[in-house]
Amino acid sequence: LVTYNTLISGIAASDAPELERARGIENHLKKMGLTGNEVTYNALMATATRSGQVEEAFVIYEEMKKINVGSFNVELFTTLITVCGQAGQLERAFQVHDRMISEGVNPSVVTFNALLTACRRGNRPDSSDIALDVMKIMRDTPDCVPDVITYSTLIDTLGRDGRFTEMNDLLAEMKDLGLSPNFVTYTSMIGALCKSGDLDAAIQLFHEMEEKKIEPNIYTFSCLVGGARRKKDIQMAIFILKLMKDRGVVPN
RNA sequence: ACCAUAAAUACG
């Protein structure tokens, strides 16, 4: 069983996880008269999630219930929330959240972060407000301390909504809590400003991040190039490309 | 032996 589990885990961890291959190995295991355990199913679940297959993830969850593979942990529920978020199924993500609570499993920071991402990807006009509500629930949950990912996700959501005042309030709030914005936080804000057409403010933030010795990456520069493109500012686009090469970031 | 969360990317 360990051999088979190792194989399935290898597929789960590969660059392009294929659920069919993982299932094929699971079939082998069954033919040998073996029964999958928690590790087998966690690896299958990881494969489904990493290849973005929501329905399959839930099928695996149902199988786990049927076979009674021990108790479900917070990671498993969080994985399900993540896969719902990837598919833009916000309602379903909340259902998983409710279910884990009814089963006595406490959500963690990671669980709430996954829910926040699901809000962002939910493509709803009120996703910012829902995300702020999730943040409130999180604050009322014991042992759940928001981290840099929590704030980066919220900042990203509000920024895409053009709610820059609130975005800046969140930035101040995270700093007050002793959390330092990182390259993702900055890239999210830069991306939001570029989308809204405020390239100047985006460039200003770019300089701020460099002053703080936070290294921009290909994502950061892609946001800026996109901002220049939206403004049809070819000079600026070329300037950013130069800047990027100068910083040792290779254009893709 | 496995193990959960955040950011960019034209055209269509």
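Chain identifiers are assigned alphabetically (A, B, ...) following the order of the sequence lines, protein sequences preceding nucleic acid strands; residue numbering begins at 1 within each chain.
- In the set B/C2, B/A1, B/A4, B/A4 carries the atom at the smallest distance from any side-chain atom of A/Ser108.
- If you measure from atom CZ of A/Arg50 to atom C1' of B/C2, you get 13 Å, rounded to the nearest angstrom.
- The nearest whole Å value for the distance from the CD1 atom in A/Ile8 to the P atom in B/C3 is 13 Å.
- Taking atom CG of A/Leu7 as the reference point, atom P of B/C2 lies 12 Å away to the nearest angstrom.
- Taking 4.0 Å as the cut-off between side-chain N and carboxylate O, A/Glu173 and A/Arg139 count as a salt-bridged pair.
- Ion pair A/Arg160/A/Asp156 flagged as a salt bridge, since at least one NZ, NE, NH1 or NH2 atom sits closer than 4.0 Å to an Asp/Glu carboxylate oxygen.
- Note on A/Thr3: nothing from the nucleic acid sits closer than 4.0 angstrom, heavy atoms only.
- Of all heavy-atom pairs between A/Ile130 and A/Cys119, the closest is CG2-SG, 3.7 Å.
- Residues A/Glu62 and A/Lys66 are not paired through a salt bridge, judged by the lack of any N-O separation under 4.0 Å between the basic side chain and the carboxylate.
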Under 3.5 Å donor-acceptor pairs involving side-chain atoms of residues 82-92 of chain A, not counting sequence neighbours:
unit_1  : atom_1 : unit_2   : atom_2 : d
A/Thr82 : OG1    : A/Thr78  : O      : 2.9
A/Gln89 : OE1    : A/Arg92  : NH1    : 2.9
A/Glu91 : OE2    : A/Arg124 : NH1    : 3.1
A/Arg92 : NH1    : A/Glu55  : OE2    : 3.1
A/Arg92 : NH2    : A/Glu55  : OE1    : 3.2

For residues 236-252 of chain A, dump all side-chain donor-acceptor pairs below 3.5 Å to protein atoms at least two apart in sequence or in another chain.
unit_1   : atom_1 : unit_2   : atom_2 : d
A/Arg247 : NE     : A/Glu210 : OE1    : 3.2
A/Arg247 : NE     : A/Glu210 : OE2    : 2.6
A/Arg247 : NH2    : A/Glu210 : OE1    : 2.7

Nucleotide by nucleotide, 5' to 3', does protein get under 4.0 Å of the base (B), only the sugar-phosphate (S), or neither (-) in nucleotides 5-12 of chain B, counting heavy atoms?
-> BBBBSS--
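- Rounding to whole angstrom units, CD of residue A/Glu26 and C1' of B/A1 are separated by 16 Å.
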